[in-house]
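Notes follow the structure.
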Amino acid sequence: MAPIGVPSDKSLIVSFGEMLIDFVPTESGVSLAEAPGFLKAPGGAPANVAIAVARLGGKASFVGKLGDDEFGHMLADILKKNGVSEDGILFDQGARTALAFVTLRADGEREFMFYRNPSADMLLKPEELNLDLIRSSKVFHYGSISLIVEPCRSAHLKAMEVAKQSGALLSYDPNLRLPLWPSADEARKQILSIWDKADVIKVSDVELEFLTGSDKIDDETAMKLWHPNLTLLLVTLGEKGSRYYTKNFHGSVDAFHVNTVDTTGAGDSFVGALLCKIVEDPTILENESKLREVLKFANACGAITTTKKGAIPALPTEADALALIKGA
């Protein structure tokens, strides 16, 4: 029998890491200093992935630590309202929920300012993990922000190890946020320190350049990131779609063209869609035509997420994605 509070079937996708509040300017195209006001938007890539999965009808759980404050309880409530199991959520009495101020400048680049000194997510300890929940996962998904400092780094490594031992598929999206790292070299070193553990890795074109040191976005560059234990490597290219690499085949899938308002969360939506489909049918990882169909669906989910402001409000349902595919 499964422990109480843990789903008993093996269709659970557990997302590990940070959940925070993004403060987004009320006016677009301005720097943070020039912004007249800010709106709060819940975020954090692993939490976005969990909600993306739940919105598509999958079973999702989030493992992470929030501040025992108004914002922390608000975020836990958002997970719950979106159908994400909260069995892995902890609250820290001594640290606040992380905050980030994010703006899209007039030149189209995002500018970040983080308040984590330390924030609650950084203080998750290995002994606080809900190991039964992690053991019950079919897929264990994580990023790299949880690798930056202790004790969260040790909790991350422990959770990965337990998930792997229990037969879960390990899914990694580094989700590079350079302002949070002591240096670019340290970011590269730590992101790559767990590289060979993952079964599925998704990087953006920017992350591909950063991790390989090459300014070329091509197959040869992507294959520099291949490792022998990897099943699937994905490179997302924004409006140019995505590329996929497996041991036996590789190729690309076109994007859907939509009216883009805000790209926040598009990659998380893509990942959530992919993981949902892998759980439904793991053979997609060996079958190119099935994988292409799934990536088309994931591209559609990513595209829809860019059509509204904020990540979570914009995450699509399966019906939304199928309607976009049908209309394309």
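Worth knowing before you read on, the calculation uses all heavy atoms, side chains too, and leaves out hydrogens, waters and symmetry mates.
Between Ala311 and Asn48, the shortest heavy-atom distance links the atoms CB-ND2, 3.7 Å. Listed here is the closest heavy atom pair of Ile284 and Leu291: O-CB, 3.4 Å. The two residues Ile78 and Pro42 make their nearest non-hydrogen contact at CD1-CG, 3.6 Å. In this structure, Asp92 and Ala120 approach most closely via the heavy-atom pair CB-CB, 3.9 Å. Closest non-hydrogen pair, Thr231 versus Trp226, comes out as O-CH2, 3.9 Å. Nearest heavy-atom pair, Ala95 versus Pro118, reported as atom, atom and distance to 0.1 Å: CB-O, 3.7 Å.
Residues Asp173 and Asp268 form a side-chain contact, since some pair of their non-hydrogen atoms from C-beta on lies under 4.5 Å apart. Counting heavy atoms from C-beta outward, Pro151 and Leu124 have side chains that stay 4.5 Å or more apart. The shortest side-chain heavy-atom distance between Ile217 and Leu237 falls under the 4.5 Å cut-off. Ile148 is listed as a side-chain neighbour of Trp181, based on a closest heavy-atom distance under 4.5 Å. For the pair Thr264 and Val102, the minimum side-chain heavy-atom distance is 4.5 Å or more. No side-chain heavy atom of Val24 sits under 4.5 Å from any side-chain heavy atom of Thr103.
A distance-only check finds a donor-acceptor pair linking the side chain of His227 to the backbone of Trp195 [under 3.5 Å]. Under a 3.5 Å cut-off, the side chain of Ser137 and the backbone N or O of Leu133 do not form any donor-acceptor pair. Remark: side-chain polar atoms of Lys158 are not paired, donor with acceptor, to backbone N or O of Glu127 under 3.5 angstrom. Of the possible donor and acceptor atoms, none in the side chain of Glu186 sits under 3.5 Å from a partner among the backbone N and O of Ser183. Judged purely by atom type and a 3.5 angstrom limit, Thr305 has no side-chain atom pairing as donor or acceptor with the backbone of Ala266. No donor-acceptor pair closer than 3.5 Å links the side chain of Thr317 to the backbone N or O of Arg55. Counting only distance, with no hydrogens or angles, the side chain of Thr246 and the backbone of Asn248 share a donor-acceptor pair below 3.5 Å. Of the possible polar contacts, none joining the Ser269 side chain to the Gly265 backbone as a donor-acceptor pair under 3.5 Å is found. In this structure, the side chain of Thr212 engages the main chain of Ser214 through a donor-acceptor pair within 3.5 Å. For Gln190 (side chain) and Ala187 (main-chain N/O), no donor-acceptor pair under 3.5 Å exists by modelled atom type.
Between Arg135 and Asp132, at least one side-chain nitrogen of the basic residue sits less than 4.0 Å from a carboxylate oxygen of the acidic one, meeting the salt-bridge criterion. A salt bridge does not link Lys164 with Glu161: every distance from a Lys NZ or Arg NE/NH1/NH2 to an Asp or Glu carboxylate oxygen is 4.0 Å or more. At a threshold of 4.0 Å, the pair Lys277-Asp281 does not count as salt-bridged, since none of the basic side-chain nitrogens sits closer than that to a carboxylate oxygen. Classification of Arg96 and Glu70 as a salt-bridged pair fails, no side-chain N sitting under 4.0 Å from a carboxylate O. Using a cut-off of 4.0 Å between Lys/Arg side-chain N and Asp/Glu carboxylate O, Lys65 and Glu128 are scored as salt-bridged. Asp121 has a carboxylate O that lies under 4.0 Å from a charged side-chain N of Arg116, or vice versa, which qualifies the two as a salt bridge.
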- Message: The test is side chain to side chain contact (heavy atoms under 4.5 Å, CB included); show your working for His141 and Val14 and say whether it passes.
- Response: CA-CA 6 Å; His141 175 75; Val14 170; over 6 Å; no
- Task: Would you check, one step at a time, whether the test side chain to side chain donor-acceptor pair (under 3.5 Å) holds for Asp87 with Ser61?
- Result: CA-CA 7 Å; Asp87 303 319; Ser61 195; 5.0 Å; no
- Message: What verdict does the side chain to side chain donor-acceptor pair (under 3.5 Å) test give for Thr97 and Asp69, after you've listed the backbone C-alpha separation in whole Å, the side-chain angles of each residue and the deciding distance to 0.1 Å?
- Response: CA-CA 7 Å; Thr97 301; Asp69 51 34; 2.8 Å; yes
- Task: Start with the C-alpha distance between Glu150 and Met122, add both sets of side-chain angles, then the distance that settles side chain to side chain contact (heavy atoms under 4.5 Å, CB included), and finish with yes or no.
- Result: CA-CA 7 Å; Glu150 292 291 3; Met122 299 157 77; over 6 Å; no
- Quick one: do Leu129 and Ile134 satisfy side chain to side chain contact (heavy atoms under 4.5 Å, CB included)? Show the steps, please. CA-CA 8 Å; Leu129 292 166; Ile134 292 164; 4.2 Å; yes
- Query: Would Asn287 and Ser289 count as a side chain to side chain donor-acceptor pair (under 3.5 Å) if you check the C-alpha gap in whole Å, the side-chain angles of each, and the deciding distance to 0.1 Å?
  - Reply: CA-CA 6 Å; Asn287 181 316; Ser289 61; 2.9 Å; yes
- Working for side chain to side chain contact (heavy atoms under 4.5 Å, CB included), residues Glu86 and Phe62: CA-CA 6 Å; Glu86 68 230 274; Phe62 173 74; over 6 Å; no
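Within the model, atoms CG of Leu157 and CG of Leu147 stand 6.5 Å from one another, a figure rounded to the nearest 0.5 Å. Taking OG of Ser144 as the reference point, atom CZ of Arg188 lies at 12.5 Å (rounded to 0.5 Å). Interatomic distance, Leu169 CG to Leu275 CG, rounded to the nearest 0.5 Å: 7.5 Å. Rounded to the nearest 0.5 Å, atoms OG1 (Thr260) and NZ (Lys308) are 14.0 Å apart. Atoms OG1 and CG, from Thr306 and Asp262 in turn, are 8.5 Å apart once rounded to the nearest 0.5 Å. Once rounded to the nearest 0.5 Å, the distance linking OH of Tyr115 with CD1 of Ile21 reads 14.0 Å.
In the hydrophobic clustering of ILVMFWY residues, with side-chain heavy atoms under 4.5 Å counting as a link, Ile145 and Ile312 come out apart. Under a hydrophobic-cluster definition in which Ile, Leu, Val, Met, Phe, Trp and Tyr are linked whenever side-chain heavy atoms come within less than 4.5 Å, directly or via other members, Leu285 and Ile201 are assigned to different clusters. The cluster map of Ile, Leu, Val, Met, Phe, Trp and Tyr, joined by side-chain heavy atoms under 4.5 Å apart, puts Phe71 and Val84 in the same cluster. Hydrophobic clustering, with ILVMFWY side chains joined whenever heavy atoms are under 4.5 angstrom apart, groups Leu176 together with Val235. In this structure, Leu232 is not a member of the same hydrophobic cluster as Phe297, with clusters built from ILVMFWY side-chain heavy atoms closer than 4.5 Å.
A ring-centre distance under 6.0 Å is found for Phe91 and His73. For Phe16 and His156, the ring centers are positioned less than 6.0 Å apart.
Other residues, nucleotides and ligands place more than 12 heavy atoms under 6.0 Å from the NZ atom of Lys138. Around CG of Asn117, the count of heavy atoms belonging to other residues, nucleotides or ligands within 6.0 Å does not exceed 12. For Lys240, the NZ atom sits in a loose shell: 12 or fewer heavy atoms of surrounding residues, nucleotides or ligands are nearer than 6.0 Å. Within a 6.0 Å radius of NZ in Lys247, more than 12 heavy atoms belonging to other residues, nucleotides or ligands are found.
Residues Thr283 and Lys290 bring a donor and an acceptor atom of their side chains to less than 3.5 Å of each other. Checking Asn299 against Ser242 by side-chain atom types alone, a donor-acceptor pair falls below 3.5 Å.
By the 30° and 60° cut-offs, the orientation of the rings of Phe23 relative to Phe101 is parallel. Ring-plane geometry between Phe140 and Tyr142 is classed as tilted, the angle between the planes lying from 30 to 60 degrees on a 0 to 90 degree scale. Using bins of under 30°, 30° to 60° and over 60° for the plane-to-plane angle, the ring pair His250/Tyr245 lands in the parallel bin.
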